[in-house]
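This report refers to the structure that appears directly beneath it.
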Protein chains: 2
Amino acid sequence: MAGVTTPGDPALTRVERKELTRQSILDAALGLSATGGLSALSLRQVAKEVGIVPTAFYRHFSSIEELGLALVDDAFVSLRAMLRDVRSPDPTFRDIIDSSVRVLTEHVRAQHEHFSFIARERFAGPPAVRAAIRHEIELCERELATDLARLPGTDAWSGDDLTVLANLIVNAVVATAEDLLVAAGRRSTEEAVAHRARLQLRMMIIGALNWRSD
Amino acid sequence: MAGVTTPGDPALTRVERKELTRQSILDAALGLSATGGLSALSLRQVAKEVGIVPTAFYRHFSSIEELGLALVDDAFVSLRAMLRDVRSPDPTFRDIIDSSVRVLTEHVRAQHEHFSFIARERFAGPPAVRAAIRHEIELCERELATDLARLPGTDAWSGDDLTVLANLIVNAVVATAEDLLVAAGRRSTEEAVAHRARLQLRMMIIGALNWRSD
DNA sequence: GTTGTGAGTGCACAGGTGTTCACCGAACGG
DNA sequence: CCGTTCGGTGAACACCTGTGCACTCACAAC
């Protein structure tokens with residue numbers, strides 16, 4: 001065994017093969033960190049899974065923590081793809097909430113490993129990883145806040161109120177995503193979680209619409 | 001060195017000394033798991049911190065996971081103490097929300113390690129620990145739901161709606177607690193988080209009061 | 001065609017890991 | 001007082017850990 005592709009592989013440039021094993025390392029790390037978390041992940045474990053010798057790991061990452069940061073990037077690529085789908089809603093769904101929750105459940109199911117990685121390492125990962133995740137989530141909040149500002153009926157709102165509401169929504173969505181992860185693909189449980197999420201989003205919106213009127 | 005109390009300690013019954021080192025083990029584990037998490041915690045590490053030989057660990061727990069479950073119990077003793085304080089509000093605070101948020105910040109600051117343990121192991125811990133935490137949080141939700149049911153104005157609500165709202169509130173509180181943990185005692189940041197939490201709780205309550213009226 | 005680069009190898013080291021076993025000796029119950 | 005219980009000991013085990021070093025040798029560049 002000599003990595004993902006044997007060195008004598010034809011028609012593959014050297015940088016291509018390097019990128020290939022790099023991706024293999026990321027995949028292996030993502031899978032292995034599911035049990036025990038990133039900080040309990042060993043370099044040798046990853047190397048064995050990929051099919052390379054432990055020292056070869058250093059050709060790609062200088063430490064597990066650096067690997068973790070790369071995984072954060074990967075995971076948030078998935079998450080931003082989801083946000084894009086939320087913003088361009090399926091025309092068959094009239095209701096923004098229904099379509100958003102639907103997009104959420106589908107993405108969580110499809111990118112299960114990425115989402116559970118974020119949920120796990122958000123508080124358990126190495127400090128740098130935690131900071132990176134926290135930063136990315138903050139960005140999502142800001143994006144949501146500007147989206148909300150474009151909605152009708154928020155004219156009288158202060159910027160402060162907007163970010164507060166955005167934070168509330170993001171937290172609810174994060175919690176829902178985490179519940180969906182626990183549901184782990186059981187459709188009936190997923191549907192119950194989705195139902196609850198829809199009700200909660202409606203409650204929050206009703207609260208938001210009646211804001212400033214007290 | 002021979003554990004927390006030297007064996008020849010006077011005026012201490014044997015079970016007392018056993019309970020003492022048991023608590024020392026729990027304390028050490030709580031502190032050490034702060035960096036790396038429970039699943040990256042080693043028995044020998046804990047033993048060294050306590051001042052005990054590794055094998056003596058087994059006199060108290062049969063595995064790290066069992067230790068983890070004991071820690072969950074400890075942590076939720078702290079959390080339930082907080083809930084008790086929330087329910088019997090300080091008479092100097094007229095507003096339930098203000099007093100609740102105040103109680104939350106104070107408890108999170110005082111029991112920082114317990115709360116961060118829960119936040120961390122909720123998704124990163126061994127499966128049994130995760131399940132135990134999840135179960136405890138569900139209990140809190142149910143308690144809150146019955147509390148809400150006693151409040152005026154919720155007569156027309158279905159049980160389903162009550163648990164959904166309770167879940168929403170608990171999630172917001174959990175998220176706030178986690179933000180307070182990140183604030184890590186910096187008063188100004190804490191106050192900002194508390195301020196946001198108060199606004200959010202008000203938004204949710206307004207949404208709840210206008211529920212069923214659409 | 002020669003040369004240099006660099007991903008992957010193999011070995012070695014010094015440490016840390018969980019768990020076993022026989023053992024000690026102080027506190028306990030009779 | 002004497003026998004038992006049991007928390008703590010210390011050595012030993014087989015294994016896993018990160019990392020250093022000299023090495024190969026297919027590829028890329030000239």
Side-chain angles (χ1 to χ4, degrees), chain A residues 1-29 32-33 35-70 126 128-129, chain B residues 1-29 32-33 35-70 126 128-129:
Chain A
M1 176 98 64
V4 193
T5 52
T6 44
D9 210 332
L12 251 68
T13 162
R14 190 144 67 172
V15 297
E16 281 175 335
R17 276 195 285 107
K18 172 155 185 175
E19 181 56 26
L20 224 66
T21 68
R22 188 193 136 96
Q23 272 304 322
S24 294
I25 291 177
L26 287 171
D27 284 358
L32 288 174
S33 69
T35 58
L38 198 60
S39 44
L41 188 62
S42 92
L43 184 156
R44 290 182 111 103
Q45 219 173 109
V46 177
K48 182 182 286 184
E49 178 88 358
V50 175
I52 59 176
V53 93
T55 48
F57 174 90
Y58 292 109
R59 301 285 183 201
H60 304 271
F61 305 97
S62 65
S63 67
I64 292 285
E65 178 159 324
E66 193 182 303
L67 200 180
L69 292 175
V129 171
Chain B
M1 175 99 62
V4 193
T5 53
T6 44
D9 211 332
L12 251 68
T13 162
R14 190 145 67 174
V15 298
E16 281 174 335
R17 276 196 285 106
K18 171 154 186 175
E19 182 57 24
L20 224 65
T21 70
R22 188 192 137 97
Q23 271 305 322
S24 294
I25 291 177
L26 288 171
D27 284 358
L32 289 173
S33 69
T35 58
L38 197 61
S39 44
L41 187 62
S42 93
L43 184 154
R44 292 180 108 104
Q45 219 172 115
V46 176
K48 182 180 288 182
E49 178 88 359
V50 175
I52 232 177
V53 94
T55 49
F57 174 90
Y58 292 109
R59 302 284 184 204
H60 303 270
F61 305 96
S62 65
S63 67
I64 292 285
E65 179 159 324
E66 193 182 302
L67 199 179
L69 292 176
V129 172

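First the proteins, then the strands, lettered A, B, ... as listed; each starts at 1. Note that this is a predicted model, so its numbers are computed, not measured.
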For this session: Starting from C1' on C:dG8, measure out to CZ on A:R22 and report it in whole angstrom.
Result: 17 Å
Problem set entry | Interatomic distance, B:Y58 OH vs C:dT17 P [rounded to whole Å] | 12 Å
Exercise. Do A:R59 and A:R22 have side-chain heavy atoms sitting under 4.5 Å apart?
Worked result: no
Problem set entry | Distance in angstrom units between B:E19 CD and D:dG7 P, rounded | 12 Å
Seminar exercise, completed: Picking from C:dG18, D:dG8, D:dG18, the nucleotide nearest the side-chain atoms of A:S42 would be D:dG18
Exercise. Is there a donor N/O on one and an acceptor N/O on the other, under 3.5 Å, for the side chain of B:R44 and the base of C:dG16?
Worked result: no
Exercise. Between B:T55 and D:dT9, is there a side-chain N or O to OP1/OP2 distance below 4.0 Å?
Worked result: no
Problem set entry | Residue met sooner reading DNA chain D from 5', once B:V53 and A:P54 are mapped to nucleotides | B:V53
Exercise. Are the side chains of B:F61 and B:L43 in touch, meaning some heavy atoms are under 4.5 Å apart?
Worked result: no
Exercise. Could you state the NZ-C1' distance from B:K48 to D:dG8, rounded to the nearest angstrom?
Worked result: 18 Å
Exercise. Less than 4.5 Å apart, any side-chain heavy atom of A:E19 and any of A:Q23?
Worked result: yes
For this session: Select from B:S63 and A:K18 the residue whose nearest nucleotide in DNA chain C is closer to the 5' end of that strand.
Result: A:K18
Problem set entry | Distance in angstrom units between B:F61 CZ and D:dG8 P, rounded | 12 Å
Problem set entry | Under-4.0 Å side-chain N/O to phosphate OP1/OP2 contact, B:T21 with D:dG8 | yes
Problem set entry | Distance-only donor-acceptor test (3.5 Å): side chain A:R59, base C:dG8 | yes
Exercise. Nearest heavy-atom pair of B:L26 and B:L67: which atoms, and what distance?
Worked result: CD2-CD2, 3.8 Å
Exercise. What nucleotide, of D:dT9, D:dC21, C:dC28, holds the atom closest to the side chain of B:I52?
Worked result: D:dT9
Problem set entry | Length of the line joining A:L43:CG and C:dT17:C1', which is rounded to integer Å | 17 Å
Seminar exercise, completed: Rounded to whole Å, CD of B:E16 lies from P of D:dG8 at a distance of 14 Å
Problem set entry | Gap between atoms CG and P, on A:L41 and D:dC16 respectively (whole Å) | 16 Å
Problem set entry | Polar side-chain atom of B:S39 near backbone of A:G36 as donor-acceptor pair, under 3.5 Å | yes
For this session: Ignoring the backbone of B:T13, work out which of D:dG8, C:dA7, C:dC28 is nearest its side chain.
Result: C:dC28
Exercise. Taking for each residue the nucleotide of DNA chain D with the nearest heavy atom, is it A:V15 or B:R14 whose nucleotide lies nearer the 5' end?
Worked result: B:R14
Exercise. Given C:dG16, is OP1 or OP2 found less than 4.0 Å from the side-chain N or O atoms of B:Q45?
Worked result: no
